[in-house]
Number of protein chains: 2
Amino acid sequence: MLWKVATFNVNGVRARLDRLLAWISEQHPHVLCLQETKCQDAVFPRQALEALGYEVLVKGEKSFNGVAVLTQETPESVVMETGDPLLDREARFLAVQVQGVWVINTYVPQGRSPDDPAFQYKLDFLNQVGRWIQERFSPQDLLIWTGDINVAPEAIDVYDPKRLEGEVGFHPEERAKLKEIMAWGLVDLLRRLHPQAKQFTFWDYRLPKSFDRNLGWRLDHMLVTEPMAHRCAECFVDTGPRGQSKPSDHTPVVAVFDMSSLS
Amino acid sequence: MLWKVATFNVNGVRARLDRLLAWISEQHPHVLCLQETKCQDAVFPRQALEALGYEVLVKGEKSFNGVAVLTQETPESVVMETGDPLLDREARFLAVQVQGVWVINTYVPQGRSPDDPAFQYKLDFLNQVGRWIQERFSPQDLLIWTGDINVAPEAIDVYDPKRLEGEVGFHPEERAKLKEIMAWGLVDLLRRLHPQAKQFTFWDYRLPKSFDRNLGWRLDHMLVTEPMAHRCAECFVDTGPRGQSKPSDHTPVVAVFDMSSLS
DNA sequence: GTTACAGGGG
DNA sequence: CCCCTGTAAC
């Protein structure tokens, strides 16, 4: 059975609903993780997504952040609150177990600037996501940590590594922290499958023509345990949505797993 | 020569530009009077309209009101300021002489409520428009007073005259004032041509499904001298724009004149 | 640039 | 309901 999981930072789910629905109708992921829904649960466009055959799990707040997980199959488990005050402080973390696989959807704090308290919050948040995973799972479990991780792991993952070195999203402390967490047993799926590909997932609105000039960052990831990596049939960035009118500044990452294959 | 004049309260020319351009491309009026452009002259989308072959005359202010006149032919005369402080106080009055015809474009104050000072301002504004016309022209001149006049002249011009009697836009003082001004020699062109037609030009956003249920008002007019009325080939409300997505709350009124016919 | 919000206005 | 003006955040 081929099983498709995707992540998409929509930058406002209400403002982007028509393009989100169109994209879902193209790709029909079994599981779709959304970030930056930017609305309270009461005004989340739940119905429109349910009409496409999804169960809709939302964790929103007013104006900022907000994550959601859409699943074609009913999850076996749902984690709305981790119990960790840092992870639960804003609407940035939502985990489900579906079809036997744990899917952890995060919207990692952007960090503002390396000298801002928000940067330490980002490092702490990453650290606590790592701890949360490592305390509950083993690297042999079927697990995907996905979402807007807001860290470009390597020089190849930003449009100008020399110029951007040290900026939020490409700061050595973030990269080290991410690497440290992944050393436990998480594979950067896109990079594993496409070792040399410049595949960005984010292009800043504020940089003129950033998408046309491909001045992007790879900030959205599929970080998976080896058993999931072995089952992966493909992993790709779909740049389609970013090229359309009034796009999100991010574009989706999609992974397809063959869940009938041997581990 | 058939000569088409139109009026359209666009409710924000920048927010409505694509639909405005589409409508112009359908109707190609020789003269188009706009109201509620809601922007300063520096940010008025002049180029897009010039690209359609129009000379663009704007009188805007920040955020509110704002009138413009687009002409295919260069006007012989332009009146940007009347010299009357009441008429010039906000961006509500713009007059041009084009193809020998005087076209006076007004966005008459809405009036807020009959007990609000804005209501007296509305009555005074109407009065001064009348005075301005009568001091400069004779009923034998070629003249059109058009725009969002914000008065429904008769019971047939509102969706529920009993319920709306006395409300702004259908208050006896406004109707009397408009009638008094028109008695000088102005013809309500749409009513002259279609004596029984319920032809609304405005449907309130705030009233649920007002357009679908046709709960409208006729507030936008073509008030013309007899020589122009004699030359009129047709006059109609184009409800098309109001039915499209993200419409203005008003829809255009169009008049076609045969300027080669005898008076 | 683009979203969200609040407040004024119709 | 929809526009505009601001502000804040990314």
Side-chain angles (χ1 to χ4, degrees), chain A residues 9-17 19-20 34-40 43-44 60-66 90-92 107-113 116 118-119 121-122 148 150 167-169 202-212 215 217 219-220 241-242 244-250, chain B residues 9-17 19-20 34-40 43-44 60-66 90-92 107-113 116 118-119 122 148 150 167-169 202-212 215 217 219-220 242 244-250:
Chain A
N9 178 322
V10 289
N11 190 15
V13 70
R14 288 173 296 169
R16 210 82 58 205
L17 184 60
R19 279 136 296 164
L20 175 61
L34 303 178
Q35 305 87 36
E36 285 207 81
T37 52
K38 289 186 172 176
C39 64
Q40 287 171 317
V43 293
F44 188 98
E61 63 184 91
K62 190 190 262 193
S63 203
F64 303 121
N65 313 312
E90 297 176 298
R92 296 182 175 277
Y107 172 49
V108 173
Q110 188 260 355
R112 300 197 77 163
S113 130
D116 192 294
F119 189 70
Y121 173 41
K122 178 181 194 170
D148 179 356
N150 256 325
E167 296 208 5
V168 262
F202 164 84
W203 295 261
D204 198 324
Y205 289 136
R206 288 166 291 183
L207 197 63
K209 305 264 172 205
S210 63
F211 183 66
D212 294 345
L215 304 180
W217 306 57
L219 302 179
D220 305 84
R242 183 61 235 244
Q244 290 163 13
S245 70
K246 289 264 165 198
S248 169
D249 43 1
H250 293 252
Chain B
N9 177 321
V10 289
N11 190 15
V13 71
R14 289 172 297 169
R16 210 81 57 204
L17 184 60
R19 278 134 298 165
L20 175 61
L34 302 178
Q35 305 87 37
E36 285 207 83
T37 52
K38 290 186 171 176
C39 63
Q40 285 171 317
V43 293
F44 187 98
E61 62 183 88
K62 190 191 263 196
S63 202
F64 302 120
N65 313 312
E90 297 176 297
R92 298 182 173 276
Y107 172 49
V108 174
Q110 188 262 356
R112 298 196 80 164
S113 130
D116 192 293
F119 189 71
K122 177 179 194 171
D148 178 357
N150 256 325
E167 295 207 5
V168 265
F202 165 83
W203 295 261
D204 198 325
Y205 288 135
R206 287 167 290 184
L207 196 62
K209 304 263 170 204
S210 65
F211 182 66
D212 293 344
L215 303 181
W217 305 57
L219 303 178
D220 304 86
R242 182 60 235 242
Q244 290 162 13
S245 70
K246 290 262 166 201
S248 167
D249 44 359
H250 293 252

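Please read these numbers as outputs of a predicted model, since none were measured by experiment. Order of the sequence lines fixes the chain letters, A, B, ..., with proteins taken first and strands second; residue numbering starts at 1 for each chain.
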Worksheet, complete the sentence: Hits for side chain to side chain contact (heavy atoms under 4.5 Å, CB included) against S113(A), two or more places apart or cross-chain, chain-then-number order -> D115(A), D116(A)
Item to complete: Identify, with sequence neighbours excluded, every residue that meets side-chain hydrogen bond (donor to acceptor under 3.5 Å, both in side chains) alongside Q40(A).
Response: none
Item to complete: Starting from the C-alpha separation in whole Å, work towards a yes-or-no answer on side-chain contact (heavy atoms from CB on, under 4.5 Å) for Y205(A) and N11(A).
Response: CA-CA 11 Å; Y205(A) 289 136; N11(A) 190 15; 3.1 Å; yes
Practice prompt. Only counting residues at least two apart or in another chain, list the ones meeting salt bridge (charged side-chain N to carboxylate O under 4.0 Å, His left out) with R92(A).
Written response: E90(A)
Practice prompt. With a 4.0 angstrom cut-off to heavy atoms of chain B, pull out the first and last contacting nucleotide of DNA chain C, in 5'-to-3' order.
Written response: dG9(C) to dG10(C)
Discussion item. Please enumerate all residues that pass side chain to side chain contact (heavy atoms under 4.5 Å, CB included) together with L207(A), with sequence neighbours excluded.
Written reply: Y159(A), D204(A), S210(A), R213(A), L215(A)
Worksheet entry | Protein-to-nucleotide contact annotation, 5' to 3' order, nucleotides 3-9 of chain D [B base; S sugar-phosphate only; - none; under 4.0 Å, heavy atom] | BSSS--S
Practice prompt. List in chain and number order the residues that pass side chain to side chain contact (heavy atoms under 4.5 Å, CB included) with K122(B), two or more places apart in sequence or in another chain; answer none if no residue qualifies.
Written response: V108(B), P109(B), L126(B), N150(B), V151(B), E174(B)
Worksheet item: Taking atom P of dC10(D) as reference, at what distance in whole Å does atom CG of D249(A) sit?
Response: 12 Å
Worksheet, complete the sentence: For E167(B), the side-chain hydrogen bond (donor to acceptor under 3.5 Å, both in side chains) test, sequence neighbours excluded, returns none
Worksheet entry | Residues that F64(B) engages under ring pair (Phe, Tyr, Trp, His ring centres under 6.0 Å), provided they are two or more places apart | none
